[in-house]
Amino acid sequence: MPRTPSLLSRLRAVPPRRLAGWAALGYAAAILAGALVGAEITLRSKTRRIKGEFVPVGRRGGDVYLPATPETLSRGVIGIVPLRPSRGHALLGPPQLLGTLVRRRILEERGIVPNGSVAWASTFVYNGTPAQLGLPFQNFKVPTAVGEMPAWHVPPVGGERDAVAIVIHGHGGQRAQALRMLPALRRSGVGSVFVTFRNAYGAPRVGEGFHSLGDQEAEDVLAALEWAAQAGYRRAVLYGFSMGGNIALCAAQRPERAALPLAGVLLDCPVLDWRDVIRANGQRFGIPGFMAAHIGRFVQWLVTRRSGQDFDLVDQLRAAPRFTLPVMLWHGTRDRTVPVGQADALAAARPDLVEYRRVEGAKHIRCWNLDPGGYDAQLETFIRRVLPGVQVQGEPHA
């Protein structure tokens, strides 16, 4: 009975040119599939829930015991919120691994986090509104030319509306991700407006729902400045996270249209060069460098083809020579979403304007978690420097 040739034997029998053609076709298909997915993620990203994990909580005195997971093992500070938020919230210190459990010390607690509860645990610490910190706030909408953008207003402690920080979340992010920094903003004496931008979750859909990666979203920040001016504020700083940093820089380059004078910009792991981010995120998922470069170029072409995106308009490294405002910049060395090299390049290009904190070991927009006191002190010192005369509330961090 004749033996059936093996697959390897069959492949050896195929002419080399045909094999090369199949390989090229397969490579092209992989490039196309990767580019289609990459373009869709770049153009549209609406995330309803803040990243975190639901875990059972064991408690003994001032210590909390959690199952060992990537989130509970994260370096630095995390927060937990029981499924019934009325029961409380806790800020937890650095982890200590004990077999399959992680022990963390309770640093701050509001209400009670009971033993045996199930809680949301996250490096973003909070998942609600400023009320989760026990702070008064106004839930309102910023009127813009394309609809009303959801926002929170947290007034300054002293009541005098002198300076305001416009806080801008990132691509696929939510306002709650920046609540970690709200106590420091309060101590610095400024009011805060946490604004959502067009085509983000909860905000109006414009056109096809595509992001413009900072350019058009800057119009919503300018509208937030207009609202703040009408609310009685006299000057402002912009505070952007990830893509929100690019939005802040786009808005800062339109001073003639800002309803309030801008005194400075704070940037946490900002996207400064979208082309570089697209290339880096291809390699992040294990794609070889040469293939990631091809996919990246095709993603850029698809994004431009579908939305008309001009990547030069949101290239902040190219725009850096035109910057005029002081910048406070944080970036983590373990950031796999936005390469830290972008922040390095901006700091090197404008040492006259940029105060740079390169945070060893920090992941994307997690710089605060590794050293909350240090981060808060840098934020408060920067605001006192660029907003002289602002009414500092309480004891600022040293």
Do [X] and [Y] have a side chain donor and acceptor closer than 3.5 Å?
X: Arg358; Y: Thr333; value: no
X: Trp330; Y: Gln378; value: yes
X: Ser212; Y: Gln309; value: no
X: Asn199; Y: Glu217; value: no

Between [X] (side chain) and [Y] (backbone), is there a donor-acceptor pair under 3.5 Å?
X: Arg186; Y: Pro155; value: yes
X: Ser117; Y: Val57; value: no
X: Thr196; Y: Pro150; value: yes
X: Arg75; Y: Ala362; value: no
X: Arg59; Y: Val113; value: yes
X: Gln174; Y: His169; value: no

Does the distance from a Lys or Arg side-chain N to an Asp or Glu carboxylate O, for [X] and [Y], drop under 4.0 Å?
X: Arg385; Y: Glu355; value: yes
X: Glu40; Y: Arg306; value: yes
X: Arg275; Y: Asp312; value: yes

Cation over ring face, Arg366 and Phe124, 6.0 Å, 45°: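 Judged by the rule, Arg366 and Phe124 form a cation-pi pair.
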Heavy-atom distance under 4.5 Å between the side chains of [X] and [Y], does that happen here?
X: Asn246; Y: Leu249; result: no
X: Asp220; Y: Val142; result: no
X: Pro204; Y: Glu148; result: no

The single option from Trp227, Phe194, Phe137 passing ring pair (Phe, Tyr, Trp, His ring centres under 6.0 Å) against His153: Trp227
Aromatic ring pairing His211/Phe197, orientation class (parallel under 30°, perpendicular over 60°, tilted between):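 Aromatic pair His211/Phe197 classed perpendicular.
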Check against side-chain hydrogen bond (donor to acceptor under 3.5 Å, both in side chains), Ser242 and His171: CA-CA 7 Å; Ser242 192; His171 187 282; over 6 Å; no
Residue pairs fulfilling salt bridge (Lys or Arg N to Asp or Glu O under 4.0 Å) with at least one residue in residues 250-273, sequence neighbours excluded: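 Checked against salt bridge (Lys or Arg N to Asp or Glu O under 4.0 Å) - neighbours excluded - the pairs reaching residues 250-273 are Asp215-Arg254, Glu219-Arg254, Glu219-Arg257.
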Exceeds 12 heavy-atom contacts within 6.0 angstrom, atom CZ of Arg336: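 It does not: Arg336 CZ has 12 such atoms or fewer within range.
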Heavy-atom neighbours of Gln391 CD exceed 12 at 6.0 Å: no
Phe382-Val359 co-clustered via ILVMFWY side chain contacts under 4.5 Å: no
Pairing residues for Leu387 by the side chain to side chain contact (heavy atoms under 4.5 Å, CB included) criterion, not counting sequence neighbours: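 Leu387 satisfies side chain to side chain contact (heavy atoms under 4.5 Å, CB included) with Ala163, Val190, Arg235, Val237, Ala263, Ile383, Val390 once adjacent residues are dropped.
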